[in-house]
Novice: 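Structure below; questions to follow.
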Amino acid sequence: MVDEPAVEAKPVRRRRFDPNRRRRIAEAAIQVIGERGVEGLTHRAVAEAADVPIAGTTYHYKDKEDLLQAALEICVADYAAIMAAIPSSHPDLTIADVIDQTADALIGCFTAERTITTVQLELYVAAIRRPSLRPIADRFIGATRTMYAHYTDQLTATLLADTAQGITLRGMASTAPPTRDQIRDLLFRCLLR
């Protein structure tokens, strides 16, 4: 008889309790959307990005809609915090100063912040076909309107926010995004009465 080689038992990998797993999975969904778009979002892709078993993603998020909602919640919360920080840290800015900051920020959206801006817009646009995402998407534009309303009246704040959103979308989808001066010119037009 030939002796068969002994098979080494693989050590049992015990899972540690991870209180941040749900958030980590949602952040991985953002990463997947950034790489593959909303239609590329799957539990398998998210599990790989989060380095968790696929069962971990389905445990926390039952379907793609849940993953989308969680990703959108994070994006909107992060964005809302940025918008809220402007008037709280710079309450005495003029509306002209805010427009200058907006122009700088939008140039950043087209360059250094392009990936996160793409994800934010993809998730925002996903609300067009997914009514359950619309209240979250409303908070996205609402955060911008609230920030502008600190420096101007409500109607002008709405016009500035909607204009900035349109400029962002056009700039991201264009072969030639608008320049800082073009953005400033468009936003200052919103102040004309």
Side-chain angles (χ1 to χ4, degrees), residues 23 26-38 40-41 68-130 133-193:
R23 168 95 183 187
E27 289 173 345
I30 294 169
Q31 178 185 335
V32 169
I33 293 166
E35 294 168 357
R36 304 178 187 191
V38 169
L41 183 66
L68 273 173
Q69 187 162 353
L72 183 55
E73 284 282 359
I74 289 172
C75 286
V76 170
D78 290 350
Y79 182 78
I82 292 167
M83 291 295 102
I86 295 169
S88 68
S89 61
H90 304 291
D92 298 328
L93 290 176
T94 67
I95 191 62
D97 295 331
V98 174
I99 286 174
D100 285 340
Q101 285 189 353
T102 300
D104 291 337
L106 293 186
I107 293 299
C109 289
F110 309 145
T111 56
E113 299 295 320
R114 187 173 183 83
T115 300
I116 191 62
T117 303
T118 299
V119 172
Q120 290 170 343
L121 289 174
E122 285 223 27
L123 292 169
Y124 188 72
V125 171
I128 293 170
R129 294 182 192 259
R130 294 169 171 89
L133 299 179
R134 291 178 187 162
I136 303 167
D138 288 343
R139 288 186 4 236
F140 185 82
I141 196 69
T144 310
R145 288 176 182 162
T146 300
M147 181 276 295
Y148 282 127
H150 182 83
Y151 301 102
T152 189
D153 64 272
Q154 192 63 50
L155 185 60
T156 304
T158 298
L159 180 58
L160 283 166
D162 291 352
T163 302
Q165 183 72 14
I167 293 169
T168 305
L169 185 57
R170 183 175 63 84
M172 293 293 291
S174 175
T175 56
T179 65
R180 182 181 187 280
D181 287 342
Q182 290 170 330
I183 294 168
R184 287 180 74 254
D185 289 347
L186 290 169
L187 293 174
F188 274 114
R189 282 284 171 126
C190 295
L191 304 180
L192 299 178
R193 295 181 188 227

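Predicted, not measured: the structure shown is a model, and the values here were computed from it.
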Novice: Would you say that Asp97 contacts Gln101 through its side chain, given a criterion of any heavy-atom pair below 4.5 Å between the two side chains?
Specialist: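 SC-SC contact between Asp97 and Gln101 ruled out.
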Novice: Could you measure the distance from the OG1 atom of Thr163 to the CZ atom of Arg189? Nearest 0.5 Å is fine.
Specialist: 12.0 Å
Novice: Take Ile136 and Gln69, measure what side-chain contact (heavy atoms from CB on, under 4.5 Å) needs, and give me the verdict at the end.
Specialist: CA-CA 8 Å; Ile136 303 167; Gln69 187 162 353; 3.4 Å; yes
Novice: Measuring from Gln120:CD to Ile33:CD1, what's the distance to the nearest 0.5 Å?
Specialist: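 Here the interatomic distance stands at 11.5 Å.
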Novice: Looking only at heavy atoms, which two atoms of Ala126 and Leu133 are closest? And how far apart?
Specialist: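 Shortest heavy-atom contact: CB-CD1, 4.0 Å.
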Novice: A side-chain contact here means heavy atoms from C-beta on lying under 4.5 Å apart; do Leu169 and Gln165 qualify?
Specialist: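 With C-beta onward as the side chain, the pair stays apart.
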Novice: If I take atom CG from residue Leu121 and atom SG from residue Cys109, how far apart are they, to the nearest 0.5 angstrom?
Specialist: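 Reported to 0.5 Å precision, the distance equals 8.0 Å.
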Novice: Given Ile99 and Leu191, is the side-chain contact (heavy atoms from CB on, under 4.5 Å) satisfied, shown in steps?
Specialist: CA-CA 10 Å; Ile99 286 174; Leu191 304 180; 3.6 Å; yes
Novice: I'd like to know if the side chain of Ser88 reaches the main chain of Ala85, judged simply by a donor and an acceptor atom lying under 3.5 Å from each other, with no hydrogens or angles considered.
Specialist: yes
Novice: Could you state the interatomic distance from CG (Asp100) to CZ (Arg180), rounded to the nearest 0.5 Å?
Specialist: 5.0 Å
Novice: Check this for me: does any side-chain nitrogen of one of Glu73 and Arg23 sit under 4.0 Å from a carboxylate oxygen of the other?
Specialist: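 Between Arg23 and Glu73 there is no salt bridge, as every charged N stays at least 4.0 Å from the carboxylate O atoms.
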Novice: Say you draw a straight line from CG of Asp138 to OH of Tyr124; how long is it, rounded to the nearest 0.5 Å?
Specialist: 7.0 Å
Novice: Checking the side chain of Arg114 only, and the main-chain atoms of Met172 only, is there a donor and an acceptor separated by less than 3.5 Å?
Specialist: yes
Novice: State, with a plain yes or no, whether a side-chain heavy atom of Ile95 is found less than 4.5 Å away from one of Leu160.
Specialist: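 Ile95 reaches Leu160 side chain to side chain.
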Novice: Give me the atom names and distance for the closest heavy-atom approach of Thr144 to Ala161.
Specialist: CG2-CB, 3.7 Å
Novice: Of the non-hydrogen atoms in Tyr151 and His90, which two are nearest, and what is the gap between them?
Specialist: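 So the minimum-distance heavy-atom pair works out to OH-O, 2.7 Å.
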Novice: Just by modelled atom types, is the Ala127 backbone N or O under 3.5 Å from a matching donor or acceptor in the Arg134 side chain?
Specialist: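 Answer holds: yes.
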Novice: Could you tell me if the side chain of Ile30 sits less than 4.5 Å from the side chain of Ile116, heavy atoms only?
Specialist: yes
Novice: Can you name the nearest heavy-atom pair linking Gly37 to Glu122, along with the distance?
Specialist: CA-OE1, 3.4 Å
Novice: What orientation do Phe140 and Tyr79 show, parallel under 30°, tilted 30 to 60°, or perpendicular over 60°?
Specialist: parallel
Novice: Please name the pair of heavy atoms, one in Cys75 and one in Val119, separated by the smallest distance, quoted to 0.1 Å.
Specialist: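 Closest pair (atom of Cys75, atom of Val119, distance): SG-CG1, 4.0 Å.
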Novice: Show the numbers, then the answer: is there a side-chain contact (heavy atoms from CB on, under 4.5 Å) between Ile167 and Thr102?
Specialist: CA-CA 11 Å; Ile167 293 169; Thr102 300; over 6 Å; no
Novice: Using a 4.5 Å cut-off on heavy atoms from C-beta on, say whether the side chain of Met147 contacts that of Val98.
Specialist: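 With C-beta onward as the side chain, the pair touches.
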Novice: Restricting to non-hydrogen atoms, name the atom on Arg184 and the atom on Ala103 that form the minimum distance, rounded to 0.1 Å.
Specialist: CG-CB, 3.5 Å
Novice: Quick one: pull up CZ in Phe110 and CZ in Arg170 and give me the separation to the nearest 0.5 Å.
Specialist: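 Rounded to the nearest 0.5 Å, the CZ-CZ separation comes out at 7.5 Å.
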Novice: When you compare the side chain of Val125 with that of Val38, does any pair of heavy atoms fall below 4.5 Å?
Specialist: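 Contact flag for Val38/Val125 side chains = no.
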